[in-house]
Amino acid sequence: MSDNFSISPAGEKFALPKPEDYKAEYENLKKRVEDERKLGREIVVVMGVGFVGAVMAAIVADTVDKKTGKPSKFVIGMQRPSARSFWKIPLLNRGISPVKAEDPEVDPMIARCVIEKKTLIATYTYDVLKLADVVVVDVQCDYIKEDLGDVRTGQTDMAALESSLHVIAKHIPAEALVLIETTVAPGTTEQVAYPIMKKEFRKRGIKSDPLLAHSYERVMPGKNYVASIRDFWRVCSGINEKARERVVKFLTEVLNTEKFPLTVMDRPIESETAKIVENSYRATILAFLDEWSLYAERNGVDLIKVIKAIKVRPTHSNIIFPGPGVGGYCLPKDGGLGVWAYKHILGFEDDIFKITPMAIDINDTRGLHVGQLVRDALRNMGKPIAAADVLVLGAAYREDVGDTRYSGSEIVIRKLAEMGAEINVHDPYVEHWWEFEQQDTYPGIGQSKSRFFRNQEKLKEIRIEQDLDKGAQGCRCRVFAVPHKAYLDLDPDKVVSTIGGPAAIIDCFGILSDDKIKRYFQLGCEVKGLGRGHIQRIKDEIRKG
Ligand SMILES: NC(=O)c1ccc[n+]([C@@H]2O[C@H](COP(=O)([O-])OP(=O)(O)OC[C@H]3O[C@@H](n4cnc5c(N)ncnc54)[C@H](O)[C@@H]3O)[C@@H](O)[C@H]2O)c1
C-alpha cells in the first residue's frame with residue numbers, strides 16, 4: 001500500500017484526498033444536510049465503516065417514519081482516509097458494500113439506501129461531525145497480545161477510540177447523542193470517554209455534559225448479517241437520564257425493538273460488562289472442549305457425535321465444537337479487555353480472573369495441534385511434512401464469511417510452515433489474506449503472529465486461490481479448516497482424482513461423514529481429524545476388509 005493511494009480488495013486504486021479537498025467536501029456535505037433537514041430527517045454520523053459500521057449505517061439509513069412510511073434518517077458514514085481503509089468511502093458512495101457477506105440483504109440494502117432512497121453517503125472529513133444529531137461510534141478497540149497463549153501479558157489499544165472521542169467532542173453540537181457501540185474495556189464510557197469529552201466541551205465553552213451512551217453490537221457477519229443487528233435484542237445505557245432517554249429513542253426508531261425489546265441498564269459499566277461476560281462465556285464453553293477433543297482422539301471417540309448426542313438436551317443446546325481455534329474479532333480479545341480493565345481502569349491490584357484468560361489462551365493455541373495431525377498423516381503415507389504441498393481450505397474465522405481476523409487457520413498455517421510444509425490456500429470469500437501478505441505491518445508493526453514462529457518469511461507469498469480444482473492439483477495434503485458451504489459436499493472420488501492420487505486428509509471441523517472417511521481410506525488416503533478418534537477404527541475395518 002502506498003501513502004498516496006488506497007487499494008480495494010478487488011485491486012482498484014483510489015487516490016487519497018489532498019489537504020485542499022477537505023473544504024469543498026465539507027461545503028457539499030453542509031448543503032446536502034440542509035436539504036435533508038428540510039425533509040425532516042435526523043442526521044446520523046456513523047464513525048468507522050468497517051464490518052459493523054457499514055451495515056449499521058445502512059440499517060439506520062433504511063429507517064422509515066412509522067407513521068408516514070418516509071425515510072426519517074440521513075446517514076453519513078465517516079471513515080478516516082488511511083491507505084488501508086479509504087477505499088471503503090468511494091465504494092460506499094457508489095452503493096457498493098465494503099464488506100463481503102453471504103447475507104443476500106447486505107448488498108441490496110446498501111445500494112437501495114445510496115442510490116434509490118439517497119439516505120446514505122460516506123465521507124472522510126471529521127468536519128461532518130459538526131452537522132450530527134447522533135454519532136454512532138463503530139471504530140475498533142484492539143487488544144494486543146505480547147505472547148502466544150498468554151492473554152495476561154497483553155494490553156488494550158484504545159488509540160483509535162480515544163482519538164475518535166477527542167475529534168467528536170471538538171466538533172459535535174452540544175446536544176448531539178454519542179452512542180459508543182465499540183466493544184470497550186468496562187469502565188471506558190464513564191472513566192475514559194466522559195473525561196475526554198467533558199474537557200473538550202469545556203475548552204469550547206460548552207457547560208453541559210456530553211450525551212454519552214453505550215450499546216454493544218451482537219452482529220454476526222454471515223448469512224444473517226443484517227438481521228443480527230436489526231432484528232435482535234440490544235442492551236443499552238446512558239451516562240445520565242437524558243442520554244439514556246435519547247439512546248432508547250434512537251434504538252427504538254432504527255431497530256426492530258417491538259419484536260426484540262431493549263434491555264436498559266442503569267449505568268454504562270453494566271452494559272459494557274454484559275458484552276464482555278457474554279463473549280467470555282462463549283469463549284469458555286468453546287475452550288472447555290479442547291481437552292475433550294484430545295481425549296476423544298486418544299480413546300476412539302468421535303467428539304462430533306458426542307456433541308450431537310448432548311445437544312438434544314434443551315439445556316445443553318449451545319454446546320459447540322471449537323474447530324482449529326476460535327477466531328473472529330471478538331472472542332479472542334473481549335475477555336482480555338475485561339481482565340485488563342479490572343487493573344488499569346478500575347484500579348484493582350489483585351488477580352481474580354482464572355477461567356476467562358485460560359479460555360482465551362486455550363483457544364489461541366488450539367490450532368497448533370493440527371500440525372501434529374498433518375505430520376502423522378503424511379508419515380503414515382511414507383512422506384515427510386518438510387517440503388510437502390499442503391492445501392488449506394478456508395482462511396476465514398468461520399463458515400461463509402470473508403473475515404480472516406484471528407482465524408484458527410492462521411495458526412494452523414504458521415505451525416505447518418514452521419514444520420517445513422509448503423502452503424496453498426483456498427477460500428471462496430477472501431481475496432487477500434493481509435495477515436500473511438503484509439505480515440511486516442499488519443495488523444500493526446510488530447504485531448503479526450509470525451513473531452511466535454520460525455520460518456515465516458515465505459508466507460508473504462501466500463495468495464488465495466479461488467478456484468478449488470486449480471488449488472488442489474498436486475497437493476498431497478488437504479486440511480479442511482473451515483466448514484464453508486463449498487466444502488461440505490465434496491465427493492472423495494472427485495477430490496482424489498483432482499489431486500492426482502491419494503492424499504492426507506485432515507478434518508478440523510467435523511465436516512466428513514463416516515461414509516466419506518471410509519471412502520477416502522478405500523481410495524488409499526490417510527484421514528485424521530480434530531476430536532475424531534473413531535477414524536482409527538474405520539481405518540482398521542477397511543484395512544482388515
Ligand atoms: N466484527 C464483528 O463481528 C463484531 C461483533 C460485535 C461487536 N464488534 C465490535 O464492533 C467494533 C467495530 O468492529 P469492526 O469489526 O467493525 O472493526 P473494523 O476494523 O472492521 O472497523 C473499524 C473501522 O473504524 C475505522 N476507524 C478507526 N479510527 C477511526 C477514526 N478516528 N475515525 C473514523 N474511522 C475510524 C477503521 O478504519 C475501520 O474501517 C469493535 O469494537 C468490535 O469489537 C464487532
Side-chain angles (χ1 to χ4, degrees), residues 1 6 8-9 16 45-58 76-89 91-92 97-101 103 122-129 132 135-143 156-171 178-186 188-189 193 196 214-222 224-226 228-229 232 234-235 271-272 274-276 278-279 282 326-338 396-398 401-407 434 442-444:
M1 273 177 248
S6 173
S8 75
L16 295 183
V45 174
V46 175
M47 239 180 143
V49 287
F51 283 96
V52 176
V55 180
M56 179 64 183
I76 309 170
M78 197 268 131
Q79 172 65 53
R80 63 183 171 171
S82 62
R84 183 173 298 156
S85 290
F86 174 71
W87 57 269
K88 296 173 190 174
I89 298 168
L91 277 197
L92 254 178
S97 169
V99 291
K100 226 179 163 190
D103 184 350
T123 186
Y124 49 82
T125 175
Y126 287 133
D127 281 338
V128 73
L129 290 160
V135 181
V136 179
V137 183
D138 280 326
V139 306
Q140 71 275 27
C141 174
D142 288 325
Y143 188 83
T156 301
D157 175 9
M158 287 212 265
L161 182 66
E162 284 178 315
S163 79
S164 299
L165 291 163
H166 277 287
V167 168
I168 291 169
K170 273 185 192 147
H171 291 83
V178 177
L179 167 56
I180 298 177
E181 289 199 325
T182 301
T183 304
V184 292
T188 295
T189 305
I196 288 176
H214 177 262
S215 174
Y216 60 89
E217 280 286 358
R218 285 167 161 157
V219 56
M220 287 294 288
N224 300 313
Y225 208 150
V226 171
S228 71
I229 298 181
F232 214 66
R234 272 287 185 116
V235 179
S271 63
E272 293 165 339
K275 171 70 182 182
I276 299 301
E278 192 169 308
N279 277 351
R282 193 78 172 156
V326 179
Y329 187 46
C330 299
L331 297 200
K333 73 168 168 59
D334 288 357
L337 293 174
Y397 81 92
R398 57 170 287 217
V401 302
D403 186 352
T404 58
R405 289 181 291 179
Y406 308 123
S407 85
W434 301 121
Y442 189 89

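Whatever order the structure lists them in is the order used to number ligands and atoms, beginning at 1. Worth knowing before you read on, the calculation uses all heavy atoms, side chains too, and leaves out hydrogens, waters and symmetry mates.
Here the side chains of Y126 and M78 are in contact, with some heavy-atom distance below 4.5 Å.
Here the closest heavy-atom approach between residue Y397 and residue V401 is recorded as CE2-CG2, 4.1 Å.
For the side chain to side chain contact (heavy atoms under 4.5 Å, CB included) with M47, the lone residue among I168, D138, V136 that qualifies is I168.
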Could you go through the side-chain contact (heavy atoms from CB on, under 4.5 Å) check for V219 and V55 one step at a time?
CA-CA 9 Å; V219 56; V55 180; 5.9 Å; no
For D403 and V99, what are the C-alpha separation, side-chain angles and deciding distance, and is it a side-chain contact (heavy atoms from CB on, under 4.5 Å)?
CA-CA 9 Å; D403 186 352; V99 291; over 6 Å; no
Apply side chain to side chain donor-acceptor pair (under 3.5 Å) to residues Q140 and Y329 and explain how you reach the verdict.
CA-CA 9 Å; Q140 71 275 27; Y329 187 46; 5.7 Å; no
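In this structure, K333 has a heavy atom closer than 4.0 Å to ligand 1. Residue contact annotation: P221 has a non-hydrogen atom under 4.0 Å from ligand 1.
Within the model, atoms CD1 of I229 and CD of E181 stand 7.5 Å from one another, a figure rounded to the nearest 0.5 Å. With rounding to the nearest 0.5 angstrom, the NZ atom of K333 is 7.0 Å from the CG atom of D142. M158 contributes atom CE, which lies 7.5 Å from atom CD1 of I196 (distance to the nearest 0.5 angstrom).
The N/O atoms of D403, backbone and side chain alike, include none that comes under 3.5 Å of an N/O atom in ligand 1. Backbone and side-chain nitrogen or oxygen atoms of E217 are examined, and none is located within less than 3.5 angstrom of a nitrogen or oxygen of ligand 1. Looking at E181 next to ligand 1, no N or O pair under 3.5 Å apart turns up. Residue-to-ligand polar distances keep T182 apart from ligand 1: every N/O pair is separated by 3.5 Å or more. Distances between N or O atoms of T183 and those of ligand 1 include at least one value under 3.5 Å. Considering backbone and side-chain N/O atoms, V52 comes within less than 3.5 Å of an N/O atom of ligand 1. Polar contact with ligand 1: present for F51 (N/O pair, distance under 3.5 Å). Checking only distances, R405 does come within under 3.5 Å of ligand 1, N or O to N or O.
Of all atoms in ligand 1, listed by their number and element, those nearer than 4.0 Å to a heavy atom of M47 are 32 (N). Less than 4.0 angstrom separates some heavy atom of Y126 from each of these atoms of ligand 1: 30 (C), 31 (N), 32 (N). Every atom of ligand 1 is numbered from 1 in the order shown, and the set under 4.0 Å from a heavy atom of C330 is 4 (C), 5 (C), 6 (C), 7 (C), 8 (N), 43 (O), 44 (C).
Among L129, V55, V139, I89, the residue whose heavy atom sits closest to atom 29 (C) of ligand 1 is V139. For the residues V219, V184, D142, the heavy atom positioned nearest atom 5 (C) of ligand 1 is part of V219. With G48, G53, S85 as candidates, the residue nearest to atom 24 (O) of ligand 1 on a non-hydrogen basis is G48.
In terms of protein heavy-atom proximity, atom 12 (C) of ligand 1 is closest to D138 O, 3.5 Å. Closest to atom 21 (O) of ligand 1, if we only count protein heavy atoms, is G50 CA, 3.3 Å. Looking at atom 25 (C) of ligand 1, its nearest protein heavy atom turns out to be Q79 NE2, 3.4 Å. Scanning all protein heavy atoms for the shortest distance to atom 33 (C) of ligand 1 gives R80 N, 3.4 Å. If you check which protein heavy atom lies closest to atom 40 (C) of ligand 1, you get Y329 CE2, 3.5 Å.
Only side-chain heavy atoms of K275 come within less than 4.0 Å of ligand 1; its backbone N, CA, C and O stay farther off. The proximity of Y216 to ligand 1, defined as any non-hydrogen pair under 4.0 Å, does not occur for either the backbone or the side chain. Looking at K88 against ligand 1, only its side chain comes within 4.0 Å, counting heavy atoms.
Within 6.0 Å of CG in N224 there are 12 or fewer heavy atoms belonging to other residues, nucleotides or ligands.
The backbone N or O of V226 sits less than 3.5 Å from a side-chain atom of D103, completing a donor-acceptor pair. Between the side chain of S215 and the main chain of V235, a donor-acceptor pair closer than 3.5 Å is present.
Between the side chains of E272 and T188, not a single donor N or O lies within less than 3.5 Å of an accepting N or O. In this structure, a donor-acceptor pair under 3.5 Å is present between the side chains of S271 and H214.
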